[in-house]
Novice: 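First the structure, then my questions, so here it is.
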Amino acid sequence: MKKIYIINGPNLNLLGRRQPEVYGYQTFEDYFKILQKKFENKVELHYFQSNSEGVLLDKIHEIGFSADAIILNAGAYTHTSIAIADGIAGVTTPVIEVHISNVHARESFRHHSHLSRVCKGIIVGFGIKGYDLAIEFFLIG
Ligand code: DQA
């Protein structure tokens with residue numbers, strides 16, 4: 001069974017309450033239960049969230065040589081963090097970059113990602129369903 005980690009970065013612990021017109025009304029905890037049920041018997045699914053850049057990096061190092069895939073929404077660190085980009089480049093587990101909102105339809109500072117260059121692929125703008133699509137990719141891939 002494939003071992004897949006979903007990692008969410010800063011402010012994504014507030015999903016469901018944070019700007020719901022942009023990020024939706026569902027909490028990630030509720031959505032994660034649905035994902036676990038949908039992929040039970042197919043994927044060993046784990047979830048981790050932190051608001052801290054260093055803690056996210058420690059997690060990527062910890063699992064990045066053994067997990068089959070990482071699905072990462074690094075939140076605003078996407079646009080600022082060379083450290084997280086270097087961390088992704090330094091591990092062997094493939095990483096998919098996910099954004100709930102269509103960052104290209106938003107402020108220009110969200111248009112650039114330091115992470116895309118070192119990620120296997122990017123899923124942007126499909127709402128919270130983007131995580132589901134990323135898991136599907138690893139199941140067929
Ligand atoms: C986000 C987009 C980022 O620009 C923002 O800072 C977030 C969430 C998204 O999922 O749409 O925190 O990554």
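As the structure lists them, so they are numbered: ligands from 1, and atoms in each ligand from 1.
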Novice: For Thr78, which part has a heavy atom under 4.0 Å from ligand 1: side chain, backbone, both, or neither?
Specialist: neither

Novice: Are Ser113 and Glu97 close enough that a side-chain donor and a side-chain acceptor fall under 3.5 Å?
Specialist: yes

Novice: May I ask you to identify the nearest protein heavy atom to atom 5 (C) of ligand 1, giving residue, atom name and distance to one decimal place in Å?
Specialist: Arg110 NH1, 3.3 Å

Novice: Where do Phe32 and Tyr131 land on the ring pair (Phe, Tyr, Trp, His ring centres under 6.0 Å) test, with the steps shown first?
Specialist: CA-CA 9 Å; Phe32 188 66; Tyr131 298 91; 9.6 Å; no

Novice: Considering only heavy atoms of Asn73, which atoms of ligand 1 have at least one such atom less than 4.0 Å away?
Specialist: 1 (C), 9 (C), 10 (O), 13 (O)

Novice: Test: salt bridge (Lys or Arg N to Asp or Glu O under 4.0 Å). Region: residues 102-115. Which pairs qualify, not counting sequence neighbours?
Specialist: Glu107-Arg110

Novice: Show your working on side chain to side chain contact (heavy atoms under 4.5 Å, CB included) between Leu15 and Tyr31 and close with a plain yes or no.
Specialist: CA-CA 10 Å; Leu15 280 181; Tyr31 178 61; over 6 Å; no

Novice: Mark the output for Arg18 as yes if a heavy-atom distance to ligand 1 is under 4.0 Å, and as no if none is.
Specialist: yes

Novice: Any nitrogen or oxygen of Ala76, main chain or side chain, under 3.5 Å from a nitrogen or oxygen of ligand 1?
Specialist: yes

Novice: Checking a contact table here: which protein heavy atom is nearest atom 11 (O) of ligand 1, and how many Å away?
Specialist: Ser101 OG, 2.6 Å

Novice: Would you say the side-chain atoms of Gln49 and Asn51 include a donor-acceptor pair closer than 3.5 Å?
Specialist: yes

Novice: Looking only at protein heavy atoms, identify the closest one to atom 1 (C) of ligand 1 and say how far it is in Å.
Specialist: His99 ND1, 3.7 Å

Novice: Please confirm whether the ring centroid of Tyr5 lies under 6.0 Å from the ring centroid of Tyr47.
Specialist: no

Novice: I need the nearest protein heavy-atom contact for atom 4 (O) of ligand 1: residue, atom name and distance, please.
Specialist: His79 NE2, 2.7 Å

Novice: For Asn11, which part has a heavy atom under 4.0 Å from ligand 1: side chain, backbone, both, or neither?
Specialist: neither

Novice: Provide, to 0.1 Å, the distance between atom 2 (C) of ligand 1 and the closest protein heavy atom, together with that atom's residue and name.
Specialist: Val103 CG1, 3.6 Å

Novice: Give a yes or no on whether a salt bridge exists between Lys42 and Glu136, defined as a side-chain N under 4.0 angstrom from a carboxylate O.
Specialist: no

Novice: Which residue holds the protein heavy atom closest to atom 9 (C) of ligand 1, what is that atom called, and what is the gap in Å?
Specialist: Ile100 N, 3.3 Å

Novice: Name the option, out of Tyr131, Tyr77, Phe109, Tyr23, that contains the heavy atom nearest to atom 8 (C) of ligand 1.
Specialist: Tyr23

Novice: Under a 3.5 Å distance rule, please check whether Thr92 uses its side chain to pair with a backbone N or O of Gly64 as donor and acceptor.
Specialist: yes

